[in-house]
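Values in this document were obtained by computation on a predicted structure and should not be read as measured data. Labels below follow one simple rule: chain letters A, B, ... track the order of the sequence lines, proteins then strands, and each chain is numbered from 1.
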Amino acid sequence: MDETSELIQQRIRKLEDLRKNGIDPYPNDFRVTHTSRDLHETFDSLSDEELKSGGETFCLAGRIMAIRDFGKASFIQIQDRKGRIQAYLQRDIVGESAFQLFKTFDIGDFIGLEGKIFRTKTRELTLQVQRFRLLVKSLRPLPEKWHGLTDIEARYRQRYLDLIANPKVKEIFLTRIKAIQKIRDFFTQRDFIEVETPMLHPIPGGATAKPFKTHHNALDMELYMRVAPELFLKRLVIGGLERIFEINRCFRNEGISTQHNPEFTMLEFYQSYATYEDMIKMTEELLCSMIKEIHGGLRFTYQGKELDFTPPWRRIRFNDSLLEYGKVDPAILKDPSKAIEVAKKLGLEMQKGTSHGRALADLFKEMVEPQLLQPAFVIQYPTEVSPLSRRNGNDPEVADRFELFIAGREIANGFSELNDPVDQRERFVQQMKERGDEADAVLTLDEDFLRALEFGMPPTAGEGIGIDRWVMLLTDAPSIRDVIFFPLLRMEK
RNA sequence: GAGCCGUUAGCUCAAUAGGUAGAGCAACUGACUCUUAAUCAGUAGGUUGCCGGUUCGAUUCCGGCACGGCUCACCA
């Protein structure tokens with residue numbers, strides 16, 4: 001603690017004075033009967049007469065957010081988990097010595113209040129305090145009451161202050177939590193079960209991303225923080241858990257941006273005897289149910305852009321999207337060298353041995369993705385960039401896969417799962433060849449997963465949804481850090 | 001990793017063609033028993049992110065570093 005700060009010194013002196021007078025500055029036996037919202041919901045609509053006739057006593061507790069002192073009486077605002085309410089302390093009611101004690105309280109202290117409800121001359125519902133107790137002496141001053149805390153760095157590093165001072169921030173996180181709750185309800189209603197799979201993977205898999213590396217001492221074993229739960233979830237499907245979902249953290253050792261945090265939350269779900277087309281329908285239902293609950297309707301704006309989620313959302317084939325949005329020469333769809341040539345012309349880096357599918361995917365990312373503002377399912381991706389997806393029955397060059405784009409961002413990725421173990425092995429081998437140049441690539445074939453697949457996985461479709469990015473849309477948040485309580489920052493010096 | 005921008009009191013912000021750093025809120029003292037960013041009077045609070053350079057003099061100009069933001073690259 002910064003012992004030189006005068007403001008803190010003052011409060012420490014107050015703390016010592018309290019103890020000298022036999023007052024515990026950190027008691028834990030105060031019992032709360034109501035929240036601020038309970039009182040507002042019960043009494044806001046009642047007349048003054050009805051309030052008076054009640055006469056019930058309420059016990060509330062919260063942090064003092066404002067003090068308006070009049071010498072022999074004082075208005076305060078307290079904040080609890082549900083909001084704020086005003087309280088009125090009068091010397092003649094609480095007593096002279098208690099009132100003198102109250103005068104030493106600071107904004108930021110926690111207080112327990114016991115009193116009756118009334119309405120002031122200016123029509124504000126207020127607790128007439130009969131008794132009160134200090135519950136916590138706060139030693140540091142809070143951010144300013146009017147502007148709140150705006151310094152972005154302080155808001156992320158000291159999220160607790162952000163939550164105390166900026167009500168909208170709390171709203172964003174409550175929305176996030178509500179959305180996740182909705183997901184659990186949605187899948188549970190459909191007979192899915194929630195599972196947990198390892199965070200520590202001997203072989204990273206399920207996505208092409210650089211993993212965090214760690215080490216287990218007792219086993220003397222290299223481990224990787226998972227980049228995706230996919231391969232373990234499929235093992236559970238093989239084990240007969242036909243409908244499962246997992247909401248949990250993934251870790252990717254890559255750049256940080258407004259769209260990327262090294263740890264992020266992913267929803268993955270798998271349903272046997274379903275196809276990627278079933279997943280598309282379910283995605284519409286799931287996301288629409290969340291939007292309705294949070295926004296009331298199926299439209300809302302994100303960063304000034306009006307988004308319309310009225311189903312059905314657009315479906316467009318990957319190849320068609322290149323033609324429509326990219327206005328590319330149709331020849332590139334058949335001719336790999338042409339595709340690479342076009343990509344190079346756009347300034348995209350094409351490594352030696354870049355596959356046709358990879359080139360097309362890079363072109364898609366460059367030319368199509370940013371234009372997909374309204375929700376759109378892009379379907380039938382090149383098989384070459386979909387190593388875990390089932391091949392399409394009519395055209396083995398494309399996979400039964402889709403990605404959902406909203407506001408120019410990828411939100412979901414789903415597909416009919418590849419359950420042919422021989423094909424899966426070949427795809428892994430192919431993938432390793434392609435990534436051979438990358439220094440950070442972890443080049444290990446997941447034999448354990450392939451063995452599981454060889455026992456037989458029922459026809460299954462699966463999907464992953466980036467929860468943070470989805471919540472960003474729901475809450476109109478410009479940065480992923482606004483929807484993660486504690487985004488990763490460098491160490492403070 | 002690269003480019004641009006930022007860092008001044010606990011918080012929100014000013015300021016100087018280089019010339020002793022200001023305000024509001026918070027705090028402290030006092031007045032006030034219906035306020036709503038309460039009001040009124042007074043007081044205190046700063047190594048201007050850190051290190052170095054130019055200068056008689058640097059918060060201001062220059063260089064480096066730290067941390068943060070945005071954009072780009074890698075990716076979800």
Looking at [X], does any N or O in its side chain come under 4.0 Å of the phosphate oxygens OP1/OP2 on [N]?
X	N	value
A/R469	B/A76	no
A/R157	B/G68	yes
A/R68	B/A38	yes

Spacing of [X] atom [atom1] relative to [N] atom [atom2], expressed in whole Å:
X	N	atom1	atom2	result
A/I8	B/G10	CD1	P	9 Å
A/Q259	B/G69	CD	P	14 Å
A/M65	B/G10	CE	P	19 Å
A/I78	B/U35	CD1	P	21 Å
A/D362	B/A73	CG	C1'	13 Å
A/R490	B/G1	CZ	P	6 Å
A/I256	B/U71	CD1	C1'	16 Å
A/D162	B/C11	CG	C1'	13 Å

May I ask you to say what [X] touches in the nucleic acid, namely base, sugar-phosphate or nothing, with a heavy-atom cut-off under 4.0 Å?
X	answer
A/I411	nothing
A/Y88	base
A/G255	base
A/M491	sugar-phosphate
A/G148	sugar-phosphate
A/R481	sugar-phosphate
A/E349	nothing
A/T258	sugar-phosphate
A/N253	nothing
A/Q90	base
A/F405	nothing

Measure from the side-chain heavy atoms of [X] and tell me the nearest of [options].
X	options	value
A/L149	B/U35, B/U12, B/C67	B/U12
A/K210	B/C74, B/G68, B/C34	B/C74
A/T150	B/U12, B/A76, B/G68	B/U12
A/T126	B/C34, B/U35, B/G68	B/U35

Between [N] and [M], how far is it from one [atom1] atom to the other, in whole Å?
N	M	atom1	answer
B/A66	B/A21	P	30 Å
B/U71	B/A58	C1'	32 Å
B/G22	B/C61	C1'	23 Å
B/C70	B/G63	P	25 Å
B/C32	B/A38	C1'	11 Å
B/C11	B/A27	P	15 Å
B/U12	B/A17	C1'	29 Å
B/C56	B/C4	C1'	36 Å

Would one find more than 12 heavy atoms of other residues, nucleotides or ligands at under 6.0 Å from atom CD of A/E96?
yes
Let me know, please, whether A/D151 or A/R252 comes out on the 5' side of the other along RNA chain B by nearest nucleotide.
A/D151
Quick check on RNA chain B: between A/K365 and A/R91, whose nearest nucleotide comes earlier from the 5' end?
A/R91
So does [X] pair up with [Y], basic N to acidic O under 4.0 Å?
X	Y	answer
A/D48	A/R123	yes
A/K14	A/E16	no
A/R390	A/E417	no
A/E230	A/K234	yes
A/K170	A/D162	no
A/D106	A/R11	yes

Can you check whether A/F43 and A/F58 have ring centres sitting under 6.0 Å from each other?
yes
Ring-ring centroid check A/F405 A/F364, cutoff 6.0 Å
yes
Report yes if some heavy atom in the side chain of A/F105 is under 4.5 Å from a heavy atom in the side chain of A/F132; otherwise report no.
yes
Verify the distance criterion only: is there a donor paired with an acceptor across the side chains of A/R427 and A/S386 at less than 3.5 Å?
no
Side chains of A/R176 and A/T265: any donor to acceptor distance under 3.5 Å?
yes
Do A/F264 and the base of B/A76 stack face to face, with centres under 5.5 Å apart and an angle between planes under 30°?
yes
Quick test of the criterion, 5.5 Å between centres and less than 30° between planes. Is A/F75 stacked on B/U35 or not?
yes
For the side chain of A/Q86 and the base of B/U35, is some donor closer than 3.5 Å to an acceptor across the two?
yes
If we ignore hydrogens and angles and just use 3.5 Å, is the side chain of A/H147 paired with the main-chain N or O of A/E144 as donor and acceptor?
no
Just to be sure I understand: a Watson-Crick pair is purine N1 to pyrimidine N3 plus N6-O4 or O6-N4, both under 3.5 Å. Using that and G-U wobbles, which stems of three or more pairs involve RNA chain B?
B:1-7 with B:66-72, B:10-13 with B:22-25, B:27-31 with B:39-43, B:49-53 with B:61-65
Under 4.0 Å protein heavy-atom contact, by nucleotide of nucleotides 25-31 of chain B - B base, S sugar-phosphate only:
BSSS---
